[in-house]
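Below, read A as the first sequence line, B as the second, and so on, with proteins coming before strands; counting in each chain starts at 1.
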2 protein chains.
Amino acid sequence: MEYSKLWLDYKRGECSGFDRIYYNSDDRCVVSAARELQSAIGEMSGIYPELAERRELTDENGIWLLCGKNDGKYYDLNMQSYKIEEKDGSIIVASYGAAGVLYGAFALIRKMRLGETELTEEKTPSNPLRMLNHWDNPDGSIERGYSGNSFFFKDGEIIINERTRDYARLIASVGINAVVINNVNVKDEALYFITDRYFGKIRGIADIFADYGIRLFLSANYASPIDIGPLDTADPCDERVREWWRNKAAEIYRALPDLGGFLIKADSEGRPGPFTYGRSQDAGANMLADALEEFGGIVIWRCFVYNCRQDWRDRKTDRAQACYDNFINSDAHFAPNVILQIKNGPVDFQVREPVNPLIGAMSFTNQMMEFQIAQEYTGQQRDLCYLIPYFKEILDFKMCRHPDCDTVADYVSGKAFGNRLCGVCAVTNTGNDYNWTGHDLAAANLYGFGRLAFDNDLSAEKIAGEWIEQTYGGNTLVMEIVSDMLMRSHAVYEKYTAPLGVGWMIEPADHYGPNPDGFEYSRWGTYHYADREGVGVDRTIAGTGYANQYAKPLAQMYGNVDSCPDNLLLFFHHLPYSHVLKNGKTMIQHIYDTHFEGVKDVREFIRLWRKLESVIDDGVYRRVKERLLMQLDNSVEWCDIINSYFYRKSGAKDEKGRRIY
Amino acid sequence: MEYSKLWLDYKRGECSGFDRIYYNSDDRCVVSAARELQSAIGEMSGIYPELAERRELTDENGIWLLCGKNDGKYYDLNMQSYKIEEKDGSIIVASYGAAGVLYGAFALIRKMRLGETELTEEKTPSNPLRMLNHWDNPDGSIERGYSGNSFFFKDGEIIINERTRDYARLIASVGINAVVINNVNVKDEALYFITDRYFGKIRGIADIFADYGIRLFLSANYASPIDIGPLDTADPCDERVREWWRNKAAEIYRALPDLGGFLIKADSEGRPGPFTYGRSQDAGANMLADALEEFGGIVIWRCFVYNCRQDWRDRKTDRAQACYDNFINSDAHFAPNVILQIKNGPVDFQVREPVNPLIGAMSFTNQMMEFQIAQEYTGQQRDLCYLIPYFKEILDFKMCRHPDCDTVADYVSGKAFGNRLCGVCAVTNTGNDYNWTGHDLAAANLYGFGRLAFDNDLSAEKIAGEWIEQTYGGNTLVMEIVSDMLMRSHAVYEKYTAPLGVGWMIEPADHYGPNPDGFEYSRWGTYHYADREGVGVDRTIAGTGYANQYAKPLAQMYGNVDSCPDNLLLFFHHLPYSHVLKNGKTMIQHIYDTHFEGVKDVREFIRLWRKLESVIDDGVYRRVKERLLMQLDNSVEWCDIINSYFYRKSGAKDEKGRRIY
């Protein structure tokens with residue numbers, strides 16, 4: 001086996017047998033659902049049920065998969081909802097839509113494996129779109145990939161094999177329904193994914209995806225009319241450009257009728273965009289949306305737009321403000337088939353950021369949350385960092401914009417303003433490594449992101465438990481230890497890295513490991529201003545004013561040192577090392593303590609993991625142990641460098657007299 | 001023209017005509033000398049003299065090139081010495097050796113161009129070996145190259161064309177007599193330069209070089225017996241390895257009878273070496289020397305051996321000590337055909353380092369000085385930095401090891417201990433750019449290094465003047481301004497970069513631009529330990545003890561804060577920012593002042609250069625102006641970042657109230 005089955009590794013004895021599976025539709029998703037159930041039950045019970053098509057429910061005993069009208073409204077939630085019932089010795093899985101039947105079938109398998117006695121369940125996904133963004137490049141490399149190379153591309157060619165299907169099965173099993181297969185930085189050969197050079201093979205992937213209710217999206221280069229040619233402009237108001245895209249859309253949809261649409265990174269980090277032509281972001285997005293509209297395509301427009309050539313001397317310009325500033329005045333300007341894809345925080349996927357103030361601030365505009373499970377800034381799948389508790393915290397956060405229906409989840413799911421095109425996506429953490437995610441335990445983030453996207457009400461702990469049990473079986477020690485490690489891991493990573501929300505004390509070259517001044521004098525707009533007196537960024541009104549992008553209660557909370565949560569204190573304030581935190585410690589002592597603690601926690605992870613030797617699979621044991629030892633090295637490096645950095649600046653002695661360099 | 005003629009750009013009117021050039025030998029160097037004179041005089045006077053061979057001096061009028069016994073002792077100084085005399089209307093250039101005749105001919109051309117009326121001269125080169133090290137890779141890239149790509153290699157192929165010859169002419173004209181054509185980091189295709197895959201083409205280059213008295217050397221991989229195969233060891237004491245090299249040497253010298261030998265980087269920065277097998281450096285070098293000995297080949301063994309995986313927490317291990325420590329106990333152990341190649345300073349080509357303490361410390365061992373005219377740490381040929389004044393300072397420095405004959409020049413030239421195999425080399429700054437050296441004015445370093453190597457007594461200013469006049473003609477304004485800029489440039493670069501000898505505050509990724517903590521927590525052993533109180537490395541006895549590697553008077557001078565020269569103060573001492581320098585300023589104020597001054601000086605360079613618009617060639621004017629503007633940006637960045645860094649640490653206000661961030 002070249003790759004792990006992850007959580008779809010069915011084990012004998014996980015369920016009892018069924019003789020028959022009936023299904024009422026030849027829709028590909030319903031057929032997939034039937035086959036998934038058949039093989040799952042077969043592998044677990046040893047008896048493979050027979051499949052049989054029936055127009056309608058009869059009194060024959062078995063598992064029934066019933067699909068309703070299936071009107072093709074792909075993003076409608078009722079097409080994706082399911083109901084499981086037990087009735088007269090049969091189990092009925094029903095949905096209006098074929099995708100809903102598939103989700104119900106996977107839910108049933110999960111319930112059987114987790115030994116749930118209560119099978120009856122009705123579920124509607126929390127979010128219409130539950131998407132993964134691949135940053136895979138045609139040459140096979142993956143930008144910010146930590147799990148090997150791409151399983152979609154190699155040397156400019158598209159790969160289609162059994163792994164493609166198993167990938168679709170894995171992510172469909174947790175409810176993912178959309179995948180962008182290529183990097184948002186569209187360069188070189190990827191330019192031509194929207195030309196007939198690649199249509200055939202992309203169609204091949206799209207077809208496999210379609211079997212599992214997944215829409216394929218492509219990242220496209222905003223400047224395609226120039227880079228593919230023959231135009232010399234990509235001005236969205238130039239009729240030649242508009243026509244170019246209309247023709248292009250028609251050409252694409254002839255070849256790829258199910259294409260979801262485009263993901264666009266424009267005017268960002270050197271990528272071209274409408275700003276290049278003095279046009280607004282909505283002018284650019286709408287021009288593309290207009291071209292895709294008649295084919296049902298949508299445009300997902302990233303809001304990661306900021307000046308990446310900032311002067312470090314300039315303390316007034318604040319990169320954190322850019323996202324909100326660049327979009328807030330365009331509400332109601334965006335076409336109905338445009339979705340703004342907004343990163344969870346205002347900067348860039350740090351281990352701790354406040355929620356992006358643009359979330360919920362535009363009532364007429366489709367919004368989608370962008371998370372990152374590729375652990376670019378959170379340990380790169382060498383360090384353990386289960387992100388679901390943090391994502392959950394974000395989704396539950398109240399923006400104070402409306403009296404009710406005010407959580408981040410309410411806004412991005414469409415509940416607050418009644419949007420149909422919205423949801424959550426994540427930059428994914430997969431690659432062609434045996435274990436898919438570099439760190440075996442990082443698969444919990446892939447599983448967890450899907451599950452959380454499907455059901456915002458699930459707790460991070462429940463998700464972890466599901467994942468562990470399905471992946472490693474139900475051994476109590478395994479369940480306890482792995483769950484404990486996962487649940488603590490984000491907090492541990494936060495302890496030993498940049499303190500109190502200040503972020504960015506990382507190595508600029510690869511974003512791994514500590515480098516306290518790594519970005520301090522650079523062009524990236526990410527500074528901490530540490531000097532001999534203190535550290536942090538004043539984002540109050542007296543400072544950059546960023547805090548005022550939030551609704552008043554939040555603006556006040558963040559703007560005031562006393563009410564600002566400690567874990568974001570240095571994100572919002574420049575404070576002296578002697579500042580006393582809510583826990584009664586001085587800031588400098590807190591920095592020392594948390595860093596030493598973080599290392600201690602990693603040692604504790606190792607101690608715990610050692611208990612699983614010969615309890616858990618040997619390969620898993622060995623691979624995770626290796627990663628934990630790397631994490632220990634990394635945490636020691638972080639601890640010593642961050643503490644030494646602040647000690648050398650502040651001169652403050654550690655109260656406990658520990659070694660600082 | 002694809003490339004500039006540099007200082008061999010002869011201009012009409014620079015000399016009067018001669019009818020005849022007589023020469024008494026068909027040795028290729030003598031023939032080259034005759035042809036060089038012929039074309040030089042032809043181009044300058046408009047009349048091309050005829051060439052004629054004569055066994056002996058007759059009373060015919062003309063220029064006479066007379067070669068003596070030419071016994072083939074390549075590295076003997078009398079083979080390379082020349083004498084120019086005027087006699088009965090003829091000019092006689094004579095030498096024992098053919099190379100000496102060539103140097104005499106180039107000297108005569110130079111004298112004519114510089115308008116010297118006194119032609120009579122006797123010269124013996126100061127150094128037997130005057131070498132350039134290319135860090136060119138087979139793919140055409142150049143490690144630390146700032147002047148385009150290699151003119152020796154492209155895509156794994158060797159290039160031989162007119163430029164190869166013009167390169168040989170250029171460097172021979174300033175007395176270079178040895179060239180290593182490939183990078184000391186021997187990898188990939190370069191492994192096979194010592195196999196028959198490349199012999200033919202390398203012979204082609206060697207033949208062109210031989211026309212100009214230049215020996216071709218190759219960098220070889222110490223682990224060749226493994227990497228080329230078929231052995232599984234490179235242990236210098238393993239008889240199979242010794243035999244492998246003996247056979248290899250025989251094979252090489254059959255194909256390349258004039259090969260000078262090998263340059264070896266072993267046990268350094270990940271390169272394999274004898275330490276890998278628990279053997280000493282001399283065991284490794286001698287094993288190779290033994291193989292080359294019967295063919296007259298020599299082994300140049302780099303002393304750049306240090307632990308590049310140091311722990312930044314460890315303040316006792318001092319990379320500066322490594323070179324001396326790794327070699328000092330092996331004196332008299334090295335074979336007679338081994339030369340140790342020693343970098344000018346103990347660390348790595350910083351803008352200011354003390355002289356390497358190994359120089360002159362081994363009386364039985366051949367030593368050669370390694371300079372770097374590739375401006376890796378001195379502005380990368382974007383910033384102007386004429387290095388000859390600094391090299392001159394180094395060569396004139398007294399090591400206090402012997403009552404007389406004690407300068408660095410005395411040791412590396414062989415004068416002090418009577419060595420015949422020794423001299424100076426430089427990592428070269430050339431590439432296939434039109435102007436060869438990226439920055440037009442950086443050609444002064446190539447010219448100057450050769451001239452200084454040939455004649456240690458020349459002043460940096462004299463060399464600059466020669467170069468300017470031959471390159472740009474004798475316009476007074478050009479002479480004055482360019483000379484002034486060159487002569488000040490090293491000091492200016494030193495002012496705006498890392499202060500007082502502490503070094504290493506550069507960007508780790510590319511070694512250009514400021515990054516004060518860039519290496520502070522890294523594995524490279526180059527730290528400055530700046531904290532809120534002070535900065536610098538204590539290398540006294542109380543510190544790492546490095547100062548004691550020098551002879552007692554120097555150890556005392558450096559070891560004492562009061563006698564240590566200010567420009568090396570932080571190399572040897574960790575001192576508070578309030579420390580008062582010999583100029584009466586506090587260290588912190590000196591840092592602020594010199595950094596602001598450095599920027600002011602660059603602005604002054606630009607002001608001066610602007611005076612040459614339409615005085616100097618337009619292309620030169622434009623190219624240099626561009627570079628000066630880049631240098632201004634760089635100097636501002638250095639000034640602001642270094643000052644801000646120290647201001648944030650020290651809290652000390654600038655006495656003059658200038659803006660620090």
Side-chain angles (χ1 to χ4, degrees), chain A residues 309-317 504-524 527-536 574 576-577 588 595 599 633-634 636-653 658-661, chain B residues 309-317 504-524 527-536 574 576-577 588 595 599 633-634 636-653 658-661:
Chain A
R309 302 212 152 268
Q310 197 175 319
D311 189 334
W312 59 270
R313 298 164 189 82
D314 165 17
R315 291 204 183 193
K316 275 294 171 193
T317 305
W504 294 103
M505 292 189 154
I506 45 158
E507 186 54 43
D510 61 3
H511 297 178
Y512 188 78
N515 186 339
D517 272 358
F519 283 92
E520 192 57 16
Y521 304 102
S522 77
R523 65 183 175 88
W524 296 99
Y527 314 111
H528 55 62
Y529 305 124
D531 61 20
R532 73 190 330 242
E533 308 298 343
V535 55
H574 186 92
Y577 298 116
I588 188 72
H595 283 75
V599 174
D633 284 350
N634 191 39
V636 168
E637 204 65 5
W638 269 101
C639 169
D640 286 345
I641 291 178
I642 294 292
N643 283 348
S644 298
Y645 177 85
F646 283 114
Y647 172 66
R648 292 185 191 182
K649 277 233 154 76
S650 69
K653 293 230 173 358
R658 290 162 295 195
R659 184 75 190 271
I660 296 176
Y661 298 87
Chain B
R309 301 211 153 269
Q310 196 176 318
D311 189 333
W312 60 270
R313 298 163 191 81
D314 164 16
R315 291 204 183 193
K316 275 293 169 191
T317 305
W504 293 104
M505 293 189 153
I506 46 158
E507 186 53 44
D510 60 4
H511 297 178
Y512 187 78
N515 187 340
D517 273 357
F519 283 93
E520 192 58 16
Y521 303 100
S522 76
R523 65 183 176 87
W524 297 98
Y527 314 111
H528 53 63
Y529 305 123
D531 61 21
R532 73 190 330 244
E533 309 298 343
V535 56
H574 185 93
Y577 298 115
I588 188 72
H595 283 76
V599 174
D633 284 349
N634 191 38
V636 168
E637 204 64 5
W638 269 100
C639 169
D640 286 345
I641 290 178
I642 295 292
N643 284 347
S644 298
Y645 177 85
F646 283 114
Y647 172 67
R648 291 185 192 182
K649 276 232 154 75
S650 70
K653 293 229 171 5
R658 289 162 295 195
R659 184 76 190 268
I660 297 175
Y661 298 87

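- For B/Ser650, the part lying under 4.5 angstrom from a heavy atom of chain A is the backbone only.
- For B/Arg313, the salt bridge (Lys or Arg N to Asp or Glu O under 4.0 Å) partners two or more places apart in sequence, or in a different chain, are A/Glu637, A/Asp640, B/Asp311.
- A distance of 10.0 Å separates CD1 of A/Ile641 from CG of B/Asp517, quoted to the nearest 0.5 Å.
- Counting only heavy atoms from C-beta outward, the side chains of A/Pro514 and B/Tyr521 never approach each other to under 4.5 Å.
- The heavy-atom pair separating B/Tyr661 from A/Trp312 by the smallest distance is CB-CZ3, 3.6 Å.
- What you find for B/Arg648 and A/Tyr529 is that their closest heavy atoms are NH1-CA, 3.8 Å.
- The closest side-chain heavy-atom distance from B/Lys649 to A/Lys649 is below 4.5 Å.
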